[in-house]
Novice: 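Quick one: the structure is below, questions incoming.
None of these values were measured; they are calculated from a predicted model. Quick note on labels: first sequence line is chain A, next is B, and so on, each numbered from 1.
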Amino acid sequence: MSAQTEVALGRIIGAPVQRKEDGKLLQGQALWVDDMHVPGTVYLGVVRSPYAHARIVEVDVAPALAHAGVVAAWSGADLAEEWAGSLPCAWLPTEDTRAPEHKPLAVDKARYAGDAVAVVAATSRAAAEDAAELVEVEYEPLPAVVDPEAALADGAPLVHDELGTNRCYTWSLEAGEVDRLFAEAAVTVSQRYRQNRLVPNAMEPRAVFVQTVPATGEYTIWSTTQVPHILRLTLSGVLGIPEAKLRVVAPDVGGGFGSKLDVYAEEALALAVARRLGRPVRWTETRSEGYLSTIHGRDQIQEIELAATAEGRITAVRVRLLASMGAYLQLVTPGIPLLGARLYAGAYDVQGYSFRCDGVFTNTVPTDAYRGAGRPEATYAIERAVDALARAVGKDPVEIRRLNFIREFPATIASGLTIDSGDYEALLDRLLEHVDLPAFRGRQEARREAGDPKRLGIGFSTYVEMCGLAPSRILGASRYGAGGWDTATIRCLPTGTVQVVTGTSPHGQGHETAWAQIVADRLGYELDEIEVLHGDTAVAPLGMDTYGSRSLAVGGVALYYAAERIVEKARTLAAYRLGVDESEIEYVRGRFAGPDGSLTLKELALSAWTAHDLPEGMEPGLEASYVYDPPNFSWPAGAHAAIVEVDTETGAVELERYVAVDDVGVVVNPTIVDGQVHGGLAQGVAQALYEEAVYDDAGNLLTANMATYLVPSAAELPRFELDRLETPSPTNPLGVKGVGETGAIAAPAAVMNAIADALAADGVTDLDMPATPERVWRALREARR
Amino acid sequence: MRDVSLTVNGVRHELELEPRELLVYVLRERLGLTGTVVGCDTSSCGACTVLLDGESVKSCTVLGVQADGHEITTVEGLARDGELHPLQQSFHEHHALQCGYCTSGMLLAAASLLAENPSPSEAEIRQALEGNLCRCTGYQNIVDAIQAVAS
């Protein structure tokens, strides 16, 4: 019986099991980093530059030191000796990528509004905040540059003088005869889009708490992080502390969406202060501080050209990106736009592919991973461009997609990667079962004919994405600094329960439940007999953490293989105990049956632990580990439709319906998967309609708090209609793919295509995100002129 | 410093507070009730929502001294005798939480809504939750969880 079929017969994998995580979260019993209270703790207050670009002339901490409760205060120069290295960037995509020095406190220049320039340690949070305001910093303001195009212009202010340019890197890829295909194309379309800068806004603000044992030089770092393992090894490098002396704990973490996939100045500062003072140290950002210090997402200018036949069959895609890095390179800043580098042909079969990305420094908060990271951008560009092509050749958006879909799998696409499995037309067909397109077109036309100022529009997004980061050899070839494997350990305890240790680090995704389902399915334990441990490098020493929709497709598969090893050892023991040959043992979920008797896995765990009578050479205990390196990415896909009503008098856009049909491979827990899709869609819709981090020309962030940056509430969002198809991934025995980012990837294009569809007859098809009432109204007014 | 007396989840506390201390920090740091959390500093997110004499307030926008003589309910006070509050149970059944950081505030905002309007429509629920942000769920399951308790 193949692994695949066994899973298909599983009763627990695929079941809508309620979450194990919920009880503590519902009753206020979670442990967030900010909940840690230890006597003797000092609190940090960080002094931040109010200028986007300024020379630091002098820092005087004396007034802060005079404040009651202040233990110490330091400028960047004062702490310069603490740093053995820069804050890490693990992804320099080209040999000549410029990676500027990035110390936790700026010394010579502040390079964005929010750049940390001094730190105060005090005996209370309030004293730290008060005293931070008392630090006197003399700045010499410099001209700032916030727009990536302006940053590349001659004479632009240099974010990093020593680099002599604001260009961080240029990465390009060319496949097929792109120039010839464009020259021979009957139709070409050329589009330019702006990827609005976004603030991730995980509900839990960032925090760090460090405890130390000065005599041994050991440190425990409690952090609101997605990446405890990466944090441990990189902080070791920043502080020059042996990795073995560091323990990182990610307790309950309140969302991340990529923003906690980073190694932040404040984490290094807290560690440095703990080393200096020999005391526990705590820092918690205020939300407004987070807007100025936690990474932002997106901020790209996209130019995309399609070459096509007169019928609209796409032959080649040419893309040019300008991606703002912000002022420094955070953990994976330069790599983010490149996660989409090979996906700009979307779900469509093309022959020629040309992509170039310039990474550019600007005087803004650094960008990095935000839900989807590179793939929402790629999807947005190709899905909007395909609609532009449809208009150019006079076809319906559905028709043009059908004409161009990749149809055979596995599919090696022009950009060089291989899509594991899928059926894009089936997804679209299913979508159209939910959306009666002819009826909608009738309704739309009737409104127009009646002269109703409220236009209707429908937009499609038939996306494919790559996630489940990732095969280590591909990451290596992309010049990423680490591998893409993950780990699992299963420990069958003598008393009938089991510990599962995972290298992934959930922060809301429900791994404790989903991982328990996989183990319950394979090993026959009840869900409440399974404890899933994670997020503590002392408990789970080896792992690559949670981001890029990798946890199930990598960490979950590691768990599957660890379970196989448990079964293998238990089978040998069962055969020995039953006095039969191993080949006579039949294993069915937790029970090993021979011709004349059977033993349960729990019984075998006890005898493996007592070790009174084991086969010759067998080690006591029943525990197995597996480190899994995936052979390929996983490739979710889907067909989404948005229906909007646009008020041409006010510019207001109302999202009437949103229908998402996704294929995320085999589903372990449909309830959790639906929740992931809902959340992703909310963020994708928010990018299209509401959210934008706006800088003025001087580099002041104008949307610098939750009161001025519109994170949508329940009142702004519609009810999402979901459906699914399942094509198992052939690259792993569970058949699973990632799901965490699909909604955020698909939704912006669907919504914006719907608005363009609503307003095309009014002459408005080019509209940037977010489509605020003002932006829509201005575009309409412009078109009427 | 001011002498303040407040009753939290049925327990009376006599405290000496700095006038500027926010209720949320009184709950978290003085009383150790860390189920109420801070999500912003502009009174936008509602993560710190508690009940003050039965009505929802954002405890980041109430001074501790203003709560003098009042009764406060936090998330720790919702379950009774080991039984989850119907809203807690419904949130669990409807997968209305992911990271759980907004959950305490959502539960108390919902409790306040249902006390005022025992059978709200979906639109009324969405409107009532306007001051409570969630970044994980897209709100749908939260709305469903509340509606299930209402009906």
Novice: Taking every non-hydrogen pair under 4.5 Å, which of A:Gln27, A:Glu285, A:Gln676, A:Lys24 racks up the most with chain B?
Specialist: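 The answer is A:Gln27.
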Novice: With only heavy atoms counted, which part of B:Leu84 is less than 4.5 Å from chain A, the side chain, the backbone, both or neither?
Specialist: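 Side chain only.
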Novice: Based on non-hydrogen pairs under 4.5 Å, which of A:Asn705, A:Leu25, A:Asp674 is most in contact with chain B?
Specialist: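 Most pairs with chain B among the choices: A:Leu25.
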Novice: Answer yes or no: is there a side-chain heavy-atom contact under 4.5 Å between B:Asp41 and A:Glu289?
Specialist: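 No; the side chains remain at least 4.5 Å from each other.
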Novice: Table please: side-chain donor-acceptor pairs of residues 63-73 of chain B below 3.5 Å, with sequence neighbours left out.
Specialist:
| residue | atom | partner | partner atom | Å |
| --- | --- | --- | --- | --- |
| B:Gln66 | OE1 | B:Leu63 | N | 2.7 |
| B:Asp68 | OD1 | B:Ser5 | N | 2.8 |
| B:His70 | ND1 | B:Asp53 | OD2 | 2.6 |

Novice: Does A:Glu129 come within less than 4.0 Å of B:Arg20, counting only side-chain N to carboxylate O?
Specialist: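 Salt bridge: no.
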Novice: One pair to check against side chain to side chain contact (heavy atoms under 4.5 Å, CB included): B:Glu130 and A:Ser713. What are the steps and the verdict?
Specialist: CA-CA 5 Å; B:Glu130 223 175 5; A:Ser713 76; 3.5 Å; yes
Novice: Would you mind checking which part of B:Tyr101 comes under 4.5 Å of any heavy atom in chain A, side chain (CB onward), backbone (N, CA, C, O), both or neither?
Specialist: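 For B:Tyr101, backbone and side chain are both near chain A.
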Novice: Using non-hydrogen atoms only, which part of A:Pro712 is less than 4.5 Å away from chain B: side chain, backbone, both, or neither?
Specialist: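 Answer is both: backbone and side chain atoms of A:Pro712 are under 4.5 Å from chain B.
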Novice: Give, as side chain, backbone, both or neither, the part of A:Leu31 having an atom under 4.5 angstrom from any heavy atom of chain B.
Specialist: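 The answer is neither part of A:Leu31.
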Novice: Show every salt bridge (charged side-chain N to carboxylate O under 4.0 Å, His left out) that has at least one partner inside residues 27-41 of chain A, sequence neighbours left out.
Specialist: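 Only A:Asp34-A:Arg282, A:Asp34-B:Arg28, A:Asp35-B:Arg28 qualify under salt bridge (charged side-chain N to carboxylate O under 4.0 Å, His left out).
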Novice: Relative to chain B, which segment of A:Leu717 carries a heavy atom at a distance below 4.5 Å: side chain, backbone, both, or neither?
Specialist: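 For A:Leu717, heavy atoms of backbone and side chain both lie under 4.5 Å from chain B.
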Novice: I'd like to know which of A:Ala202, A:Ala30, A:Ala714 tops the heavy-atom pair count under 4.5 Å against chain B.
Specialist: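 Greatest number of close heavy-atom pairs with chain B: A:Ala714.
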Novice: Kindly say whether A:Gly675 contributes a backbone atom to a donor-acceptor pair with the side chain of B:Gln98 at under 3.5 angstrom?
Specialist: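 Yes, the answer is positive, given that a donor and an acceptor are paired below the 3.5 Å cut-off.
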Novice: Side chain, backbone, both or neither: which part of B:Thr137 has an atom under 4.5 Å from a heavy atom of chain A?
Specialist: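 The backbone, not the side chain.
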Novice: Sort A:Val253 into side chain, backbone, both or neither according to what part of it lies under 4.5 angstrom from a heavy atom of chain B.
Specialist: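 Backbone only.
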